[in-house]
Asker: 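Have a look at this one before I ask anything.
The residues of the chain are indexed from 1 along the displayed sequence. These numbers come from a predicted model, not from an experiment.
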Amino acid sequence: MAEGLRERKKRRTRRHISEVATGLFVERGFDEVTIAEVAEAAEVSVNTVYNHFRSKEDLVLPPDEASSRRLADIVRERPPGETAARAVLARLREEVRRRDRAVGLAEGFGRVFEMMRGAPTLIARLEDLAEQMTAALAEVLAEETGAAPDDPLPRLVAGQIGWCHAQVFGEIGRRITAGEDPGAIAEGVLRLLDVIEELLGERVLEYAPRAAG
């Protein structure tokens with residue numbers, strides 16, 4: 001029980017620091033705020049900030065939320081019979097319908113996204129994250145299908161799925177920055193997902209169904 005309480009306190013502290021930091025970054029710009037200023041505003045020490053976040057970029061993109069394993073985990077968790085692409089499309093639709101924080105459809109995220117676009121190191125982190133997600137997914141697909149090391153198919157399919165994921169986030173970012181209502185954005189993104197699914201075609205959509213058992 002004591003360990004559970006400590007973990008809960010750590011999560012609350014992490015969330016508090018991250019929210020305070022994001023508010024400062026939105027108000028003044030990511031590059032204009034120091035870790036010391038974040039610590040002061042959050043009423044913690046600089047060491048406490050670094051105990052919870054290895055870098056300034058992690059304050060905006062915490063590894064436990066912006067995970068390089070996101071696509072791989074979605075695919076690994078899919079039920080028997082479901083393919084990799086369909087699992088990711090289903091998860092994206094689910095997150096969009098409930099306006100999940102994971103896809104940036106929360107109220108006020110437009111200003112956060114605009115702040116992120118103005119910070120070169122955050123843009124670089126997002127680009128690197130996308131590459132890592134695709135690479136991790138390719139490894140899972142190769143493992144599950146028993147593909148030979150020189151078989152390009154797992155990598156190519158992972159690239160297509162990663163492209164779908166990026167299109168959704170790009171569309172949400174563009175529209176929420178323009179000030180559109182999250183509900184209207186969600187409807188538009190669901191239509192976009194239908195178009196994306198049509199474009200993928202059967203070769204990608206039916207690749208790597210999960211085996212039963």
Side-chain angles (χ1 to χ4, degrees), residues 11-35 37-43 49 52-71 73-74 88-134 161-197 199:
R11 284 195 300 271
R12 284 200 299 262
T13 301
R14 281 175 58 84
R15 176 59 62 87
H16 171 65
I17 295 171
S18 179
E19 289 176 350
V20 169
T22 301
L24 289 174
F25 297 151
V26 167
E27 180 183 349
R28 293 166 47 193
F30 181 78
D31 293 330
E32 304 305 317
V33 179
T34 66
I35 293 293
E37 289 172 322
V38 169
E40 182 179 1
E43 299 183 331
V49 175
H52 289 279
F53 301 93
R54 290 182 301 175
S55 71
K56 187 177 174 183
E57 289 74 22
D58 284 350
L59 287 161
V60 181
L61 297 166
D64 59 332
E65 294 184 19
S67 171
S68 62
R69 303 290 307 175
R70 171 172 159 81
L71 294 177
D73 288 344
I74 291 172
V88 172
L89 290 170
R91 176 68 65 84
L92 287 169
R93 287 188 172 104
E94 176 187 333
E95 291 173 344
V96 169
R97 287 191 182 103
R98 68 171 182 248
R99 303 180 198 176
D100 199 293
R101 174 187 173 95
V103 289
L105 276 173
E107 291 288 346
F109 188 75
R111 295 184 66 201
V112 176
F113 187 79
E114 192 170 2
M115 174 273 293
M116 292 170 65
R117 289 200 309 176
T121 57
L122 288 176
I123 293 298
R125 170 70 71 86
L126 287 170
E127 291 173 350
D128 186 51
L129 183 62
E131 291 180 3
Q132 290 179 29
M133 281 196 286
T134 300
I161 294 173
W163 172 81
C164 298
H165 189 261
Q167 291 302 307
V168 167
F169 276 77
E171 182 75 0
I172 290 172
R174 180 182 66 79
R175 296 177 69 162
I176 206 165
T177 301
E180 291 189 38
D181 174 73
I185 296 173
E187 291 179 8
V189 172
L190 288 172
R191 290 193 296 270
L192 176 67
L193 280 164
D194 290 340
V195 175
I196 286 173
E197 185 168 355
L199 286 174

Asker: If you apply the rule side-chain contact (heavy atoms from CB on, under 4.5 Å), what do you find for L92 with E95, and how did you get there?
Answerer: CA-CA 5 Å; L92 287 169; E95 291 173 344; 4.1 Å; yes
Asker: Any idea which heavy atoms bring G162 and L71 closest together, and the distance?
Answerer: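 Closest pair (atom of G162, atom of L71, distance): CA-CD1, 4.1 Å.
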Asker: Looking at E114 and R111, does any basic side-chain N land under 4.0 Å from a carboxylate oxygen?
Answerer: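 Here E114 does not pair with R111 in a salt bridge, since their nearest N and O are not under 4.0 Å apart.
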Asker: Working to the nearest 0.5 Å, report the span between CD1 of I172 and CD of Q167.
Answerer: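 So the CD1 of I172 and the CD of Q167 are separated by 11.5 Å.
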Asker: Check E187 with R99, please: is the shortest side-chain N to carboxylate O separation under 4.0 Å?
Answerer: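 No.
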Asker: Mind checking the CD-CG spacing from E197 to L89? Nearest 0.5 Å is all I need.
Answerer: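 CG of L89 is found 5.5 Å from CD of E197.
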Asker: Taking only distance into account, with no hydrogens and no angle test, what donor-acceptor pairs under 3.5 Å do side-chain atoms of residues 177-186 form with protein atoms, sequence neighbours excluded?
Answerer:
residue : atom : partner : partner atom : Å
T177    : OG1  : G173    : O            : 2.7
E180    : OE1  : R175    : NE           : 3.0
E180    : OE1  : R175    : NH2          : 3.0
E180    : OE2  : R175    : NE           : 3.4
D181    : OD2  : G183    : N            : 2.9
D181    : OD2  : A184    : N            : 3.3

Asker: Sequence neighbours excluded, which residues qualify as side-chain hydrogen bond (donor to acceptor under 3.5 Å, both in side chains) partners of D194?
Answerer: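 side-chain hydrogen bond (donor to acceptor under 3.5 Å, both in side chains) check on D194 returns R93.
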Asker: How long is the gap from OG1 on T22 to CG on L61, to the nearest 0.5 Å?
Answerer: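 The distance works out to 9.0 Å.
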Asker: Would you call E37 and R28 a salt bridge, taking side-chain N to carboxylate O under 4.0 Å as the test?
Answerer: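 Salt bridge present between E37 and R28.
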Asker: Going from OG on S67 to CZ on R70, what distance comes out if it is rounded to the nearest 0.5 angstrom?
Answerer: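 Reported to 0.5 Å precision, the distance equals 9.5 Å.
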Asker: Between CE of M133 and CG of D73, what distance do you get to the nearest 0.5 Å?
Answerer: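 Going from the CE atom of M133 to the CG atom of D73 covers 11.0 Å.
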Asker: Taking the side chain as every heavy atom from C-beta outward, state whether L59 and I17 have any atom pair closer than 4.5 Å.
Answerer: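 The answer is yes, as the side chains (C-beta and beyond) meet within the 4.5 Å cut-off.
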Asker: What pair of heavy atoms forms the shortest contact from L129 to A66, and how long is it?
Answerer: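 Closest approach of L129 to A66, heavy atoms only: CD1-O, 3.5 Å.
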Asker: For the CD atom of E19 and the CG atom of L24, what is their distance to the nearest 0.5 Å?
Answerer: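 If we round to the nearest 0.5 Å, E19:CD and L24:CG are 12.0 Å apart.
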Asker: With a 4.5 Å limit on heavy-atom distance, are the side chains of R101 and F109 in contact?
Answerer: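 A side-chain contact under 4.5 Å is absent here.
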Asker: If every non-hydrogen atom of A21 is compared with every non-hydrogen atom of V38, which pair is closest and at what distance?
Answerer: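 Here A21 and V38 meet closest at CB-CG1, 3.7 Å.
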Asker: Side-chain polar contacts of residues 117-125 - donor-acceptor pairs under 3.5 angstrom, sequence neighbours left out - could you list them?
Answerer:
residue : atom : partner : partner atom : Å
T121    : OG1  : E57     : OE2          : 3.0
R125    : NH1  : D58     : OD1          : 2.8
R125    : NH2  : S55     : OG           : 3.1
R125    : NH2  : D58     : OD1          : 3.3

Asker: Kindly give the heavy-atom pair with the smallest separation between M115 and F25, and that separation in Å.
Answerer: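 Minimum heavy-atom separation between M115 and F25: CG-O, 3.4 Å.
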Asker: Examine distances only and state if a side-chain atom of S18 and a backbone atom of R14 form a donor-acceptor pair shorter than 3.5 Å.
Answerer: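 No; judged by distance alone, with no hydrogens or angles, the pair does not exist.
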Asker: Ignoring hydrogens and geometry, is there a side-chain-to-backbone donor-acceptor pair from H16 to A42 under 3.5 Å?
Answerer: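 Yes, because the side chain of H16 sits within donor-acceptor range (under 3.5 Å) of the backbone of A42.
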Asker: Could you check whether atom CD of E40 has more than 12 heavy atoms from other residues, nucleotides or ligands sitting under 6.0 Å from it?
Answerer: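 Check fails, neighbour count at 12 or below.
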